[in-house]
J.: 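Before I ask anything, let me first share the structure, which is written out below as structure tokens.
Any value given below was found using the heavy atoms of this structure, including those in side chains, with hydrogens, waters and symmetry copies removed. Everything numeric in this text was worked out from a predicted model, so none of it was measured. Residue indices begin at 1 and follow the sequence shown.
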Amino acid sequence: MTVRWGVAGPGPVAGKVMRDLAHVPDAVLTAVGSRSAGRAEAFAAVHAASAGHGQVPTAHGSYRGLLGDPDVDVVYVATPHPHHRALALAALAAGKAVLVEKSFTVTPAATREVVAAARAAGRFAMEAMWTRFCPAVVRLRELVADGAIGEVCTVTADLGVRHPVDPATQSYNPELGDGLLFHLGVYPVSFAQMLLGAPEAVVAHGIVHQSGVDVEESVLLRYPGGRSALLFASLRSPAPGEARVLGTSGWIQVPPRFHYPSRIVLHRDGHDPETIGARLTGAGYTHELAEVTERVAGGHTESEIMPLADTVAVQDVLGEIAGQLGMRVIEGPAELP
């Protein structure tokens, strides 16, 4: 079965992701939708090769046009974060499967609303947390499950870029989901959740821009049994982007950048460090696109690697961080305009 993809929101992120669709068997890009017909047409022309046989994807000058396209099986939602909810709900109501760019939404309530809609409709839905599908991270999870480092006690992760804003010419816009948390901060949180589950307590300290969005945060997650996660993200500092999984009999290093690694290093008591390479296909998005394609073709409604329950748990932590920092979070409308 060939799974036909449509893109909602033809921006730079969608461009990078969809270039990897060419590496996925039985997947084709058939349509793109935007509020701007010109942007949709330009994106379709650039990505014609991903459609197969040189066919140019259909360009729709509205999201409703995309969702009404009978030649689309799954919609990749890549609009600004506050608009994910409306598009995902509309796509599910139109009978489409959805891959929603991370962060899934900007509030726990909106995430639960989309998850409930997907389950009620019996349609596939997944958050586009590509990290979990990278072969090196898959191998890391296997090692942890096999007890290679004993019981996991602590997870550490940092991720940062230098992204100053000149107040004289530009600012962050919470109505577009700007800032740190929903773009970069979600990565360390999701990485910790993948290994430790949902925390029993969240403590966040950070810096909030005058516009109301976060630009730096340090987060401590507390888990039963004394386990913990120490996380850092920043738009002020180009942090290395390294993660570590610390266990009772060893640890695993995920070298920079941990959110799309090509290798990990296993450190076990009494053994020399072991570097385990695992190359990415394409830019690294191929692996999550292959998962969605396979699941949709097989009639599944969730991914076992990135289940909806994990997305809800991650969004709950993001909500705690936003609340403790006093961020200005603006959720978009529940319906398309």
Side-chain angles (χ1 to χ4, degrees), residues 20 23 102 126-159 184-200 219-233 239-292 294-295 300 302-314 317:
D20 272 6
H23 299 289
K102 49 84 193 142
M126 192 185 89
E127 181 181 13
M129 179 49 70
W130 61 315
T131 300
R132 297 201 182 192
F133 301 93
C134 294
V137 175
V138 172
R139 184 64 184 130
L140 179 150
R141 296 179 71 174
E142 292 172 346
L143 289 167
V144 169
D146 290 342
I149 59 171
E151 181 183 353
V152 174
C153 302
T154 301
V155 171
T156 70
D158 65 75
L159 191 59
L184 291 184
V186 63
Y187 281 112
V189 171
S190 186
F191 189 82
Q193 192 281 330
M194 175 184 74
L195 293 158
L196 295 172
E200 61 181 13
V219 179
L220 169 64
L221 305 181
R222 188 180 72 208
Y223 298 85
R227 298 175 300 154
S228 64
L230 307 174
L231 313 175
F232 174 79
E242 182 174 64
R244 297 182 180 185
V245 184
L246 311 178
T248 54
S249 59
W251 58 286
I252 300 174
Q253 174 193 13
V254 189
R257 300 284 230 167
F258 81 85
H259 60 305
Y260 58 102
S262 58
R263 62 188 174 95
I264 57 176
V265 184
L266 173 62
H267 300 258
R268 293 181 293 174
D269 287 350
H271 297 77
D272 292 334
E274 179 184 353
T275 298
I276 301 169
R279 294 181 60 183
L280 299 167
T281 300
Y285 303 103
T286 302
H287 311 287
E288 70 172 359
L289 295 174
E291 170 77 0
V292 176
E294 181 180 341
R295 295 301 169 192
H300 301 277
E302 291 192 42
S303 164
E304 294 181 359
I305 299 173
M306 188 67 232
L308 293 173
D310 283 15
T311 291
V312 170
V314 168
V317 174

J.: Hey, could you give me the CG/OG1 distance between L246 and T156, rounded to the nearest 0.5 Å?
T.: 5.5 Å
J.: Going by heavy atoms in the side chains, are H259 and V254 under 4.5 Å from each other?
T.: no
J.: How many angstroms lie between atom CG of L230 and atom CZ of R244, to the nearest 0.5 angstrom?
T.: 11.5 Å
J.: What I'd like to find out is whether the side chain of L231 reaches to under 4.5 Å of the side chain of V189, using heavy atoms alone.
T.: yes
J.: If you define the side chain from C-beta out and look only at heavy atoms, does anything of D158 sit under 4.5 Å from E242?
T.: yes
J.: Under 3.5 Å, is there a donor-acceptor pair linking the side chains of R132 and S190?
T.: yes
J.: Report yes if some heavy atom in the side chain of L221 is under 4.5 Å from a heavy atom in the side chain of S228; otherwise report no.
T.: no
J.: If the test is side-chain contact (heavy atoms from CB on, under 4.5 Å), which one of F258, F232, F191 qualifies with L159?
T.: F258
J.: Counting C-beta onward and ignoring hydrogens, is there a side-chain heavy-atom pair between E302 and P307 closer than 4.5 Å?
T.: yes
J.: Tell me, do M126 and R295 make a side-chain contact under 4.5 Å, heavy atoms counted?
T.: no
J.: What distance separates H287 NE2 from L280 CG, expressed to the nearest 0.5 Å?
T.: 5.0 Å
J.: Do the rings of W251 and H267 sit parallel, tilted or perpendicular, given the 30° and 60° boundaries?
T.: parallel
J.: Starting at CD1 of I264, measure out to CZ of R141 and round the result to the nearest 0.5 Å.
T.: 12.5 Å
J.: At what distance, to the nearest 0.5 angstrom, does CE of M306 lie from CD of E127?
T.: 4.5 Å
J.: Should we count CD of E142 as having more than 12 external heavy atoms under 6.0 Å?
T.: yes
J.: Once you round to the nearest 0.5 Å, how far does OG1 of T131 lie from OH of Y260?
T.: 10.0 Å
J.: Taking atom types as modelled, find out whether E291 and S303 have a side-chain donor-acceptor pair closer than 3.5 angstrom.
T.: yes
J.: Got I149 and I252 here, is their nearest side-chain heavy-atom distance under 4.5 Å?
T.: yes
J.: Tell me whether the rings of W130 and Y285 are parallel (<30°), tilted (30 to 60°) or perpendicular (>60°).
T.: parallel
J.: In terms of heavy-atom contacts, does CG of D146 have more than 12 from other residues, nucleotides or ligands at under 6.0 Å?
T.: yes
J.: Within a 6.0 Å radius of atom CZ on R263, are there more than 12 heavy atoms belonging to other residues, nucleotides or ligands?
T.: no
